[in-house]
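What follows is a set of notes on a single structure, which appears directly below.
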Amino acid sequence: MLQLPAAQVGRGAFSGADRRVRGQLELAGSGTVLLDEIAEMPPELQAKLLRVLEDRRFRPIGAERETPLHARVLAATHVDLEERIRDGRFREDLFYRLNVVSIALPSLAERGGDIRELLASLLPDLQRRLSFSPDAVEWLATRPWPGNVRELKNALIRVALLSDTDHVDAKALQQLVGESARNPGAEVDGLANRILALPTGSGSKLDSVELAVLRRALELSSGNKSAAARLVGLERKAFERRWERGCGRAPGPDEEASE
């Protein structure tokens with residue numbers, strides 16, 4: 001988690017306050033710090049980040065002195081920050097401080113030619129060895145993929161779970177991926193029927209299913225809570241509330257890759 005300037009705290013003020021803890025800005029040294037999903041940063045943290053970027057200094061939690069910032073800072077977001085500024089949800093001064101060089105990454109729909117390389121990268125991570133026929137690759141390359149690479153990855157996981165064969169053609173993809181996209185209501189109904197048919201345990205089936213979906217979303221998003229929330233169609237705070245209700249705690253450091 002990114003550690004920005006904070007007031008000096010005493011021994012025992014928090015877990016680990018009795019020892020020196022190096023934050024990501026300090027650990028980065030003269031390298032690069034990536035602030036993923038910068039639009040989700042709370043207003044109070046935006047102010048602290050702005051001060052760090054302007055002064056090029058920060059005080060790590062528990063430290064007595066400020067430390068020079070030598071790292072290069074990059075920020076990434078999937079939303080329109082200028083629209084967030086108009087809505088009062090993002091600081092205009094921080095936006096201009098970060099927006100020195102802006103790089104717009106094209107969507108997957110605009111780079112269908114990357115599908116082969118993406119398949120070569122994603123397929124080895126699946127628990128099943130799959131191959132795709134030329135017409136299947138062409139079918140994947142012509143899909144819109146509004147969820148970009150994350151949606152493609154989820155589609156491949158679906159195919160690995162449900163395909164009857166290890167060699168997948170376009171017809172199989174249409175059945176496993178295309179049909180569900182065109183008729184999501186029917187798929188949800190089918191899932192509901194299968195869930196209701198499960199044996200009744202000691203707890204609520206709804207609670208168990210919700211917790212399983214949230215946990216899986218975190219796994220697919222490499223622990224990034226903002227990305228996991230988008231995956232299940234929730235705001236981040238709503239995702240956290242549901243997770244805490246299901247687990248009795250908030251996601252820990254091993255479940256959160258970035259803020």
Can you tell whether the side chains of [X] and [Y] come within less than 4.0 Å, N to carboxylate O?
{"X": "Asp114", "Y": "Arg111", "value": "yes"}
{"X": "Glu219", "Y": "Arg216", "value": "yes"}
{"X": "Arg57", "Y": "Asp55", "value": "no"}
{"X": "Glu40", "Y": "Arg84", "value": "yes"}
{"X": "Arg91", "Y": "Asp93", "value": "yes"}
{"X": "Glu210", "Y": "Arg245", "value": "yes"}
{"X": "Arg129", "Y": "Asp166", "value": "no"}

Would you give the length of the straight line joining atom [atom1] of [X] to atom [atom2] of [Y], rounded to the nearest 0.5 angstrom?
{"X": "Lys205", "Y": "Asp207", "atom1": "NZ", "atom2": "CG", "value": "13.0 Å"}
{"X": "Asn154", "Y": "Trp145", "atom1": "CG", "atom2": "CH2", "value": "9.5 Å"}
{"X": "Thr77", "Y": "Ile38", "atom1": "OG1", "atom2": "CD1", "value": "8.0 Å"}
{"X": "Arg241", "Y": "Leu234", "atom1": "CZ", "atom2": "CG", "value": "9.0 Å"}
{"X": "Leu105", "Y": "Glu110", "atom1": "CG", "atom2": "CD", "value": "10.5 Å"}
{"X": "Arg97", "Y": "Gln46", "atom1": "CZ", "atom2": "CD", "value": "15.0 Å"}

(request) List the steps and the verdict of side-chain contact (heavy atoms from CB on, under 4.5 Å) for Trp139 and Ile115. (result) CA-CA 10 Å; Trp139 188 87; Ile115 288 293; over 6 Å; no

(request) Using atom types as modelled and distance alone, determine if a side-chain donor or acceptor of Asp80 lies under 3.5 Å from a backbone N or O of Glu82. (result) yes

(request) Would you check if the side chain of Ser121 reaches a backbone N or O of Glu117 as a donor-acceptor pair within less than 3.5 Å? (result) no

(message) Regarding Ser30 and His70, do their side chains bring together a donor and an acceptor under 3.5 Å, going by distance alone?
(response) no

Looking at side-chain heavy atoms only, is the closest gap between [X] and [Y] below 4.5 Å?
{"X": "Leu74", "Y": "Val33", "answer": "no"}
{"X": "Pro60", "Y": "Thr67", "answer": "yes"}
{"X": "Leu161", "Y": "Arg128", "answer": "no"}
{"X": "Glu83", "Y": "Val79", "answer": "no"}
{"X": "Leu156", "Y": "Leu130", "answer": "no"}
{"X": "Leu81", "Y": "Leu98", "answer": "no"}

Tell me whether [X] at atom [atom1] has more than 12 heavy atoms from other residues, nucleotides or ligands lying less than 6.0 Å away.
{"X": "Arg116", "atom1": "CZ", "value": "no"}
{"X": "Gln127", "atom1": "CD", "value": "no"}
{"X": "Glu66", "atom1": "CD", "value": "yes"}
{"X": "Asp164", "atom1": "CG", "value": "no"}
{"X": "Arg72", "atom1": "CZ", "value": "no"}

Say whether [X] and [Y] are linked into one hydrophobic cluster, either directly or through other cluster members, by side-chain heavy-atom distances under 4.5 angstrom.
{"X": "Val100", "Y": "Phe90", "value": "no"}
{"X": "Leu152", "Y": "Leu126", "value": "yes"}
{"X": "Val73", "Y": "Tyr96", "value": "yes"}

Taking all non-hydrogen atoms of both residues into account, name the closest pair between [X] and [Y] and its distance.
{"X": "Leu45", "Y": "Met41", "answer": "CB-CG, 3.7 Å"}
{"X": "Val149", "Y": "Leu108", "answer": "N-CD2, 4.1 Å"}
{"X": "Arg143", "Y": "Glu151", "answer": "NH2-OE2, 4.0 Å"}
{"X": "Asn224", "Y": "Ser226", "answer": "OD1-N, 3.0 Å"}
{"X": "Ser133", "Y": "Asp169", "answer": "OG-CA, 3.2 Å"}
{"X": "Phe58", "Y": "Glu26", "answer": "CZ-N, 3.6 Å"}

(request) Any chance you could lay out the side-chain contact (heavy atoms from CB on, under 4.5 Å) test for Leu53 and Leu94, step after step, and finish with the verdict? (result) CA-CA 9 Å; Leu53 296 178; Leu94 177 58; 4.0 Å; yes

(message) Using side-chain contact (heavy atoms from CB on, under 4.5 Å), reason through Leu140 and Leu119 one step at a time and then give a plain yes or no.
(response) CA-CA 10 Å; Leu140 291 171; Leu119 289 177; 4.0 Å; yes

(message) Quick check on salt bridge (charged side-chain N to carboxylate O under 4.0 Å, His left out): which of Arg230, Lys225, Arg236 does Glu37 satisfy it with?
(response) Arg230

(request) Just do the side-chain contact (heavy atoms from CB on, under 4.5 Å) check on Leu35 and Leu49 with the steps written out, would you? (result) CA-CA 10 Å; Leu35 305 178; Leu49 174 60; 3.5 Å; yes

